[in-house]
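Below is one structure; the comments refer to it alone.
In what follows, chains are A, B, ... by sequence order, proteins preceding strands, each numbered from 1. Source: prediction; values computed, not measured.
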Number of protein chains: 2
Amino acid sequence: MHAAFQNDYNHSPLIRKLESIFSLTDDEQQALMDLPMQMAVIKADQDIVREGDRPSRCFAILSGFTCTYKLTGDGKRQIVAYGIAGDMPDLQSLHLKVLDMTITTLTPCSIGFVRHEDLWDLCLRQTRIAAAFWRETLVEGAAFREWVLNVGRREAYPRMAHILCELLVRLRAVGLVDNHSCTLPITQAEFADALGITTVHANRVLQQMRADDLIELKGERLHVPDWERLKEAGDFHPAYLHLVQEWPTA
Amino acid sequence: MHAAFQNDYNHSPLIRKLESIFSLTDDEQQALMDLPMQMAVIKADQDIVREGDRPSRCFAILSGFTCTYKLTGDGKRQIVAYGIAGDMPDLQSLHLKVLDMTITTLTPCSIGFVRHEDLWDLCLRQTRIAAAFWRETLVEGAAFREWVLNVGRREAYPRMAHILCELLVRLRAVGLVDNHSCTLPITQAEFADALGITTVHANRVLQQMRADDLIELKGERLHVPDWERLKEAGDFHPAYLHLVQEWPTA
DNA sequence: CGTTTGGTTGAAATGTGTCAAACTTTGTGG
DNA sequence: CCACAAAGTTTGACACATTTCAACCAAACG
């Protein structure tokens, strides 16, 4: 495998993401391809960046799952976002010097690091790409708002259903869902931390959802027999994800 | 009062906000002053923009309080942010066509509307201002993350203390706090909706906080006799607000 | 094949919700 | 400026969702 193809392959999750917003010109595509990116493979359960860090670079997730979390003073963890292929969960560090959250790998991840200076350079040269990056951080923000609602105003059961819906829609958008099934390498403890409940309760809710034939979840494999029912159970309306194309009803 | 002064007065909360991040050049100041802004005074309890809207303009809060909220399918409300002077709570509409939240006035507000086209124009001409706006939306996002943590992992009492701390620090940053006191025109029901609890419980928590001499709260007036104790009760660390200057310890 | 990690279970404790009523303050029109 | 309505706050008793703690089981793994 020669360098050019390698390069193309590694930048593709980013390019695919931006393409889903608007069509890139040849110029823009080239600018993205030329963006210096340092590749790394990171094992599971490793912090990529930590709260308090002052990063000099951002990263894109090329494959694998991450989570972004914060801790209370007494050590309780709240996951505030999951990261999947194509995401740039710390894009904010381009503007905010000190990180206010920690990002960890949930699975082995392939990561592309981009230096801030190179990213700034790209943004100044390619205004539409800068706008697209800005937009990305806004979509992230919209998801945070929905999570506040989810954690604040929904009971554990619909809360779990909602987060499963979000994951499915986002995974589908990057081609990681087949026939309403996907790989979900997230433990019950990790779900609990995302929902603001205990592991025990997360377990009970999942069992109930299985009993209700809402999901089939075994190990890392999730299958959704009836998408409409799951959406309804989770009070899920994907508008907040600001995807161009929604999940097809058929 | 002639037009120029009027103009100056109305733009000043915005300019002050940007100045708190970096010093504006004369050119940048002028560009901001020239930004066409349509002023409006809006009564209390009026929606400024609604979920589902496709705004053609953004707005800045020049004075007054707003809240941003979302509803569940069965009508439960979750406030996800408060807006105060200098904030631009729907800046995101510049990039995201359909609004995913509603913004309401809590008090009479004076609002400055700016058309998207004029804002785009400004951003393309003044790159540093565009960056500052982008940064603003990122700080907002950081606050959402903290709210997820607050609602997900803190009990009602520290949760309330935390939100009071946030409001105090932000109000102080725009000069609305005197001697650890401020006007807080937020009802207990509105606090409840921001904390994900019921009005009854919000009331009980506030009473407990008064009994603990953590706050003096009567009508719209809040006084904090011991800032350090309140911060500790709320597990509050203002780093996530990404202000340049923090609350002085003295 | 033992050890670790993740999942499951039960019983008791508790934070918060619910409901319904009364009280207080604020605003307003007569 | 009073009277009344509306909005906001406070109270009590009870219900319930979720936590806590502690143990056990199952699967993954070196």
Side-chain angles (χ1 to χ4, degrees), chain A residues 43-46 65 67 72 74-79 104-108 150-163 183-211 215-222 233, chain B residues 43-46 65 67 72 74-79 104-108 150-163 183-211 215-222 233:
Chain A
K43 285 183 294 200
D45 296 308
Q46 306 287 315
F65 285 71
C67 73
T72 62
D74 53 339
K76 277 179 280 193
R77 181 171 81 149
Q78 177 68 46
I79 293 177
T104 306
T105 56
L106 295 175
T107 64
N150 200 36
V151 172
R153 286 300 186 210
R154 292 194 189 103
E155 303 210 322
Y157 188 102
R159 208 184 294 176
M160 177 73 84
H162 190 280
I163 219 170
T183 300
L184 251 202
I186 299 176
T187 66
Q188 296 186 356
E190 284 151 2
F191 275 125
D193 281 347
L195 300 177
I197 60 179
T198 58
T199 307
V200 172
H201 202 53
N203 177 270
R204 288 176 176 143
V205 165
L206 283 173
Q207 285 182 61
Q208 188 58 51
M209 293 181 69
R210 282 190 277 238
I215 57 169
E216 290 159 29
L217 181 61
K218 185 143 207 244
E220 302 193 341
R221 204 69 207 160
L222 170 70
Chain B
K43 284 184 296 200
D45 296 309
Q46 305 289 315
F65 285 70
C67 74
T72 61
D74 53 339
K76 278 178 280 194
R77 181 170 82 150
Q78 177 68 46
I79 293 176
T104 305
T105 56
L106 295 177
T107 65
N150 200 35
V151 172
R153 286 300 186 209
R154 292 193 189 102
E155 303 208 324
Y157 188 102
R159 209 184 293 177
M160 178 72 84
H162 191 279
I163 220 170
T183 300
L184 251 201
I186 299 175
T187 66
Q188 295 185 0
E190 285 152 1
F191 276 126
D193 281 348
L195 299 176
I197 62 180
T198 58
T199 307
V200 172
H201 202 54
N203 177 268
R204 289 181 173 137
V205 166
L206 283 173
Q207 285 182 61
Q208 188 58 52
M209 292 181 70
R210 281 191 277 239
I215 57 170
E216 291 159 28
L217 180 61
K218 185 145 206 238
E220 301 194 341
R221 203 71 207 156
L222 171 71

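Note: A:His201 NE2 to A:Met160 CE = 9.0 Å, rounded to the nearest 0.5 Å.
When rounded to the nearest whole Å, the span between CD of B:Glu220 and P of D:dA7 equals 16 Å. The CG atom of B:Leu195 sits 15 Å away from the C1' atom of C:dG15 (whole-angstrom rounding). Between the CG atom of B:Leu217 and the P atom of C:dT24 there is a distance of 18 Å, rounded to whole Å. The NZ-P distance, from B:Lys76 to C:dG17, rounds to 10 Å in whole Å. Put simply, CG on A:Leu106 is 11 Å from P on C:dG6, counting in whole angstrom units. One interatomic measurement links the two molecules: CG of A:Leu184 to C1' of C:dG6, which rounds to 16 Å at whole-angstrom precision. If you take CZ of B:Arg221 and P of D:dG8, they are 20 Å apart, rounded to a whole angstrom.
In terms of position on DNA chain C, the residue among A:Glu190 and A:Arg153 whose nearest nucleotide sits closer to the 5' end is A:Glu190. Toward the 5' end of DNA chain C, the nearer of the two residues B:Gly219 and A:Asp45, judged by each one's closest nucleotide, is A:Asp45. Comparing B:Leu206 and A:Tyr157 by the nucleotide of DNA chain D whose heavy atom lies nearest to each, the residue mapping closer to the 5' end is B:Leu206.
When atom types are taken as modelled, the side chain of A:Gln46 and the backbone of A:Thr104 share no donor-acceptor pair closer than 3.5 angstrom. Side-chain atoms of A:Thr183 never come within 3.5 Å of backbone atoms of A:Arg221 as a donor-acceptor pair (strictly under, hydrogens ignored).
With distances taken from any side-chain atom of A:Arg210 to the nucleotides C:dG6, C:dG17, C:dT8, the minimum falls on C:dT8. Of the candidate nucleotides C:dT16, D:dT19, D:dT11, C:dT16 has the atom lying nearest to any side-chain atom of B:Glu155. Looking at the side chain of A:His201, the nearest of the listed nucleotides D:dT18, D:dT10, C:dT16 is D:dT18. Picking from D:dT18, D:dT20, D:dT11 the nucleotide with the shortest atom distance to the side chain of A:Val200 gives D:dT20.
Remark: the B:Arg204 side chain and the C:dG15 base include no donor-acceptor N/O pair separated by less than 3.5 Å.
Between B:Ile197 and B:Phe191, every side-chain heavy-atom pair lies at or beyond the 4.5 Å cut-off. Side-chain contact between B:Thr105 and B:Lys43 is absent, with no heavy-atom pair separated by less than 4.5 Å.
Residue A:Arg154 places no side-chain N or O under 4.0 Å from the OP1 or OP2 atom of D:dA17. The shortest distance between the side-chain N/O atoms of A:Gln188 and the OP1/OP2 oxygens of C:dT5 is not below 4.0 Å. In this model, the phosphate group of C:dG7 is not approached by any side-chain N or O of A:Asn203 to a distance below 4.0 Å at OP1 or OP2.
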